[in-house]
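All chains are named by letter (A, B, ...) in the order of the sequence lines, taking the proteins before the strands, and each is independently numbered beginning at 1.
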2 protein chains.
Amino acid sequence: MRRIAPDRDQLLGIVAEVFREHGYEGASLALIGAATGLGKGSLYHFFPGGKEEMARAVIAHIDGWFEDNVFAPLRDNADPQAGIEQMLEATDSYFRSGRRVCLVGAFALDESRDLFGGQIRDYFGRWITHLAEALARSGHRPGEACELAEETVAAIQGALTLARAANDLDVFSRALRRLRMRLGLPAKI
Amino acid sequence: MRRIAPDRDQLLGIVAEVFREHGYEGASLALIGAATGLGKGSLYHFFPGGKEEMARAVIAHIDGWFEDNVFAPLRDNADPQAGIEQMLEATDSYFRSGRRVCLVGAFALDESRDLFGGQIRDYFGRWITHLAEALARSGHRPGEACELAEETVAAIQGALTLARAANDLDVFSRALRRLRMRLGLPAKI
DNA sequence: GCGACATTGTACCGGACGGTACAATGAGTC
DNA sequence: GACTCATTGTACCGTCCGGTACAATGTCGC
């Protein structure tokens, strides 16, 4: 499906983790080098544009993962409810039940948004659009579906913030449970 | 109520804005100096502990504002519904209807959480606790009140993230409108 | 072995970083 | 004026920053 070389694929995963933990400004090349085991020579060989290109590639990588595992089910599953259920499961697994933070959401908050604004807007925009479309197919009125989709994505982002603030993973799983109810899915998968 | 010298009070407001826009790592002393008009000499005179003490003071300052304008109404207003309404209005005005980001939430996301974990946990913890208490007083069952309070604070945080990501203030006002409905308040203040 | 090219380590650059030292001001009291 | 003490500007420190240069390796096909 994606034809990125496998090593580059996992390389981007490691770099993503550094950005997630330290933010764009805080993720120094030294930290990235230590995490990946690569020297500056290699890093600049793979990403001639430096840190900014790394971040851009990482966002695109995440976007690709969501496209395959979150947006595609919402769009392609004949049963919209099943697609929404797949979305929630993929979301829970991606964010490791709240252990992980949303890198795109974190980038949206500080001034690094100015560098990646287009990618950030696109990521959340598609998430909400595809979810709203699935909700509409499952019986909600269009306007109501849009609001509910926006509310859902916001609830996920907020739960990630709160879970990390409270250092309590249950915050995230409670939020997902409420969302299941709110979206008309059977409780407890 | 608060007996901080007035100039220090507004100084903290300016420094807070720099942290909000650039994050803890991104807020350099040069930026803070430029924003406040103070040289390093003055900054280190007021905050001998440097950047970390500035951030700690800024969080405490924000916490104080929320204590006076958000938590107190929730706690002290005899009519819990009115207190909740006051909370939402104060929240809307504090975040400038979505133009502003939550500094404490932003700090929670990256590794600066490790420095300020206690203050961050306290801020959100008290927000949720006081809101849950007001909800319980207004008729919700205790467990349900806790969940609804957590859901509300998460929705606010998520809406701030999404509003900035989409660069669309309406995202935040829509979220507040939904919360009013969800919390049993009359629509449109 | 050979050449071509991808990959790597290392040394280095100028500049910005957080933080310190300290002398020079200012404002108030007596 | 003289003594205090808060406040400020400036020069400076060592370190780390993102980024560049480049020679040394690997690893292929031939």
Side-chain angles (χ1 to χ4, degrees), chain A residues 3-61 103 106-107 110-116 119, chain B residues 3-61 103 106-107 110-116 119:
Chain A
R3 35 244 137 130
I4 304 166
D7 28 57
R8 179 179 161 97
D9 213 56
Q10 76 180 69
L11 172 61
L12 284 176
I14 299 172
V15 178
E17 218 55 52
V18 182
F19 278 122
R20 247 187 283 273
E21 283 167 20
H22 302 272
Y24 182 68
E25 293 286 339
S28 68
L29 292 186
L31 282 171
I32 296 173
T36 58
L38 295 176
K40 287 193 188 185
S42 311
L43 286 175
Y44 272 86
H45 174 71
F46 293 121
F47 307 99
K51 201 169 148 178
E52 186 175 329
E53 183 179 339
M54 294 180 211
R56 233 173 266 283
V58 160
I59 299 177
H61 184 244
L103 182 142
F107 277 11
D110 59 34
E111 97 285 2
S112 56
R113 181 194 63 158
D114 303 337
L115 281 173
F116 313 112
Q119 289 179 280
Chain B
R3 16 226 155 157
I4 303 166
D7 30 55
R8 178 178 163 99
D9 213 56
Q10 77 181 67
L11 172 61
L12 284 175
I14 298 174
V15 178
E17 217 58 52
V18 181
F19 278 122
R20 246 187 285 271
E21 282 166 21
H22 302 272
Y24 182 69
E25 294 286 340
S28 68
L29 291 186
L31 283 171
I32 296 173
T36 58
L38 294 177
K40 287 193 187 184
S42 310
L43 286 175
Y44 272 86
H45 173 70
F46 293 121
F47 308 100
K51 202 169 148 177
E52 186 176 329
E53 184 178 338
M54 294 180 210
R56 232 174 267 283
V58 160
I59 300 177
H61 184 243
L103 182 143
F107 278 11
D110 60 33
E111 100 283 1
S112 54
R113 182 194 60 161
D114 302 339
L115 281 172
F116 313 112
Q119 290 180 280

Whole-Å distance separating the [atom1] atom of [X] from the [atom2] atom of [N]:
{"X": "B/Phe47", "N": "D/dA6", "atom1": "CZ", "atom2": "P", "result": "16 Å"}
{"X": "B/His45", "N": "C/dT25", "atom1": "NE2", "atom2": "C1'", "result": "13 Å"}
{"X": "B/Leu43", "N": "C/dC17", "atom1": "CG", "atom2": "P", "result": "13 Å"}
{"X": "B/Leu29", "N": "D/dT10", "atom1": "CG", "atom2": "C1'", "result": "15 Å"}
{"X": "B/Leu115", "N": "C/dG18", "atom1": "CG", "atom2": "P", "result": "14 Å"}
{"X": "A/Tyr24", "N": "D/dC17", "atom1": "OH", "atom2": "P", "result": "14 Å"}
{"X": "A/Glu25", "N": "C/dC17", "atom1": "CD", "atom2": "P", "result": "9 Å"}
{"X": "A/Leu11", "N": "C/dT7", "atom1": "CG", "atom2": "P", "result": "11 Å"}

Kindly point out which of D/dT10, C/dT8, D/dT20 is positioned nearest to the side chain of B/Lys40?
D/dT10
B/Asp110 and B/Glu25: side chain to side chain contact (heavy atoms under 4.5 Å, CB included), yes or no, with the steps?
CA-CA 10 Å; B/Asp110 60 33; B/Glu25 294 286 340; 5.6 Å; no
Are B/Arg56 and B/Glu53 ion-paired here, with the side-chain N under 4.0 Å from a carboxylate O?
no
Side chain to side chain contact (heavy atoms under 4.5 Å, CB included) evaluation trace for A/Phe47 with A/Leu11:
CA-CA 11 Å; A/Phe47 307 99; A/Leu11 172 61; 4.0 Å; yes
Under the 3.5 angstrom rule, does the side chain of B/Lys51 hit a backbone N or O of B/Tyr24 as a donor-acceptor pair?
yes
Check whether any side-chain nitrogen or oxygen of A/Ser42 sits under 4.0 Å from OP1 or OP2 of C/dT7, and answer yes or no.
no
I want to confirm an ordering. Mapping A/Gly41 and A/Ala30 to their closest nucleotides on DNA chain D, which one lands closer to the 5' end?
A/Ala30
With a 4.0 Å cut-off on heavy atoms, is A/Phe46 in touch with a base, just the backbone sugar-phosphate, or nothing at all?
sugar-phosphate
